[in-house]
Amino acid sequence: MKDLAELNDWMDRHHVAVVRTHGTNLDGTGIGKHLQRDKFLAYLPKGHGMGDMAMTMDHSGALHMTMWHHERQPNLGDIYLRPDLETLIYDGTDSDLGHCIGDLTNVAGEPLELCPRSTLKKLVGQMAAAGYHASCTFELEFYLFKESFEDLRAAKYQRLTPISAIQQGGGIYNIRNAFQVKPFMKELISRMEWQGIQWEGWNDEAGSGQVELNLCPLPPVQMADTVVRVKQMIYEVACDLGHAATFMANLGGTFGSGMHMHHSLSDEKGDSLFFDPDSEDNRSELMRAWTAGIVDTLPGAASFLCPTVNSYRRFKQFAAVPMTQTWGEDNKSTALRLLSSSATASRIEHRLAAADVNPYLALAVVFAGGLIGAEQNRNLIPEYTALAWGMPASDKDLPTTIKAAAEATKNDTLLKNKLGESLVDYWVKTREAEWLAFHTEGADAASPEPTLWEYQRYFEIV
Amino acid sequence: MMKITTEADATPLVRIFAVKFAAALRQPSYVSLLKTTEGTFSLQSKTDPQAITVKLNKNELHITSGVDKDSDVVIHINFSKPNDRPKIDGLIRHPLYAMAVGKLLEFPETNWADALKSLWDKYKDYPGMPGGITAKSLDEDRRLSVGSSEEPVYLEGRSADLAEVFSGGSPLLQLMYSGKIKGLYVFQHAVVLSDVTLQMMLGEA
């Protein structure tokens, strides 16, 4: 859809009277406006203005007060949300609503360095220039509860009843657990299909009330767009059905929620750049160097992949979370699981990201690592061929606190150069502020279980 | 030479007190007081779970988070309102030690003008800083300017509050929110000064 007449025609045919714009700030929070259709069209192509505080707020809505970025307006002025018309769809459930995802820009319409979607686009552009075209997908893990969000808020999250046949522990791929969540998932899938979102499958996951949803592979920006849309949709279905759903990384049980990311690279013709049938292990030299870059930058990438205080509660041995800077062929205990059996299956599964991640930044930091590896033709460390849990402490251990992860990011000059120094410096400050808020705003930092502070800050927002 | 150490991955409160003790140790009288006060004491917030334990021996002051079970004295205080009356556990068993600890917690006062000069010397080239700062103490009716008059920030308040912010006791905007400090400034400069004062507070500068 390019010209105004075409847009008007599309909106007429789909009865769209209102358009919800959707940008994403650093924390991954959706930000935008509901615009009357004519106003939405009148604002094109630049989009609408919004206070720059929208991109400089933390999860609680508090303005970033102890960090400055040159793109912030000196006295709280405006930024813009420029719609990407390729993403314009109709809601399907809300009969007169259209949705459009966009990029954050300055007043002149230039993409902001602090815009996660633009950052991912920048990395994808660098990959395209090198002849690499990525296809990727995410596994979305989340928990479902019988209570409504309102009930849980009122009870200070003390009463959480998983939608599950097994109330203690969990099980995995359990058909009875799946039957319990089926009404929710049917509604969700129906809405996804209305919006043209393609999915592969879903299943009961390891925690009680935990579900995993697998989406069909897409190019990176479209994939991240789909993730933010589906996460919003899961929230809306939960609200409409009187339940609660959360992407909080850990709720205190053994199994937290992650967001495993799969990606592969192909050339312009669509042939795999990861698969080499002539090599001993089916892996191309590019796949080895690309993987090496991602492995080498894992500590620096951790703060992007595990962005909240709660993300680090997921770090438990034997809980399906990688604890070390390792990789292995079809090894689910290492940070990177490589699959190299055929040209179509060849891919990297990155297993570190928590469910509370910002998908744009997560893909960007992984691709930054890959590009570093490819550009420097890095040597891949030896494959880890044993179980990577319960190992003695070593310098290959990944950061397990938000503060340590922020420090690792701060010290990673390669990632800084690739992602943009001002973005990384600002990001590090936001993670330090998250750490400071956790310790000084009433949370019991010594608590082995998630605190009320974490529930109130993350449960409904991430 | 008194050495200050903290646990690894120190909490903000541990860092804040490490900075406070380090600043106080610049006063010889405070060093003498510390050297004669051996033992372990804890500070527990009255309003939230924050707590620290300070272990003192002749040459080392070690700070950790939480209340150590071996603490001789546990002082329950409101960290946001240090002038509120504290509640002390261990006062009857260790009265002299409790009194000595009480004295230790009366950190030497900072002169706001000296603190402002020191802040400016250290941070004037920090990205985003204003061209200069003019501060006015309302109780002393005294004004001090540092830097140039181009893009200056003007701040006014009581001497104690100015000293608190310029010495890194609290981030600037926190005191501006509470109305203790007022000023004429662009938002950017207030944020950058808050960044700087927060770094000083946590000893990260």
Side-chain angles (χ1 to χ4, degrees), chain A residues 51-53 56-58 62-78 309 312 315 393 397 399-408 410-411 421-422 425-426 428-449 451-454, chain B residues 6-17 44-53 64-68 79-80 123 126-130 151 153 165 168 170-178 184-205:
Chain A
D52 74 339
M53 69 276 278
T56 52
M57 279 182 169
D58 67 16
L63 201 54
H64 295 162
M65 285 300 191
T66 54
M67 61 207 83
W68 189 255
H69 188 276
H70 65 91
E71 288 172 332
R72 293 180 76 170
Q73 298 302 303
N75 290 305
L76 297 170
D78 264 356
V309 170
Y312 295 86
F315 280 80
D397 289 349
T400 53
T401 66
I402 193 169
K403 181 81 172 148
E407 196 66 26
K410 192 193 286 185
N411 294 332
E421 191 167 352
S422 81
D425 287 346
Y426 195 83
V428 167
K429 291 239 179 218
T430 64
R431 296 314 96 187
E432 290 170 343
E434 199 70 7
W435 165 81
L436 186 67
F438 174 61
H439 282 277
T440 59
E441 291 179 359
D444 181 358
S447 168
E449 299 294 327
T451 59
L452 178 60
W453 183 89
E454 288 162 79
Chain B
T6 64
E7 63 190 350
D9 293 328
T11 63
L13 198 62
V14 167
R15 290 164 198 254
I16 289 166
F17 272 87
Q44 167 79 64
S45 168
K46 278 182 175 178
T47 57
D48 65 30
Q50 290 191 90
I52 60 165
T53 294
T64 54
S65 57
V67 175
D68 194 294
F79 289 112
S80 309
Y123 289 102
Y126 192 81
M129 281 285 274
E151 284 194 298
V153 162
V165 71
S170 295
L172 171 64
L173 276 165
Q174 190 173 312
L175 291 195
M176 297 193 84
Y177 271 166
S178 65
L184 303 169
Y185 58 94
V186 293
F187 183 58
Q188 172 186 342
H189 292 151
V191 170
V192 172
L193 281 168
S194 296
D195 178 7
V196 161
T197 44
L198 177 66
Q199 289 185 49
M200 290 167 69
M201 189 171 101
L202 296 173
E204 291 184 341

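Values below: all heavy atoms of this structure, side chains included; hydrogens, waters and symmetry mates excluded. Quick note on labels: first sequence line is chain A, next is B, and so on, each numbered from 1.
The part of A443(A) that comes within reach of chain B is its backbone (N, CA, C, O), which places non-hydrogen atoms under 4.5 angstrom from that chain. If you measure heavy-atom distances from A10(B) to chain A, the contacts under 4.5 Å come from the backbone alone.
The residue among A404(A), A446(A), P74(A) with the most heavy atom pairs within less than 4.5 Å of chain B is P74(A). Each of E432(A), H70(A), K429(A), M67(A) has some count of heavy-atom pairs under 4.5 Å with chain B, and the biggest count is that of K429(A). Taking L198(B), T47(B), D48(B), V191(B) one by one and counting their heavy-atom pairs under 4.5 Å with chain A, the maximum is reached by V191(B).
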Quiz item: Given the rule in the side-chain hydrogen bond (donor to acceptor under 3.5 Å, both in side chains) test, do E7(B) and S65(B) qualify, once you have shown the distances and angles that lead to the verdict?
Solution: CA-CA 8 Å; E7(B) 63 190 350; S65(B) 57; 2.9 Å; yes
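Ring pair F315(A)/Y312(A) is parallel by interplanar angle, where below 30° counts as parallel and above 60° as perpendicular.
Distance check: T66(A) OG1 to M201(B) CE gives 9.5 Å after rounding to the nearest 0.5 Å.
Minimum interatomic distance between R15(B) and E204(B) (heavy atoms only, all atoms of both residues): NH1-OE2, 3.4 Å.
The closest donor-acceptor contact from the side chain of Q199(B) to the backbone of V196(B) lies at 3.5 Å or more, if one exists at all.
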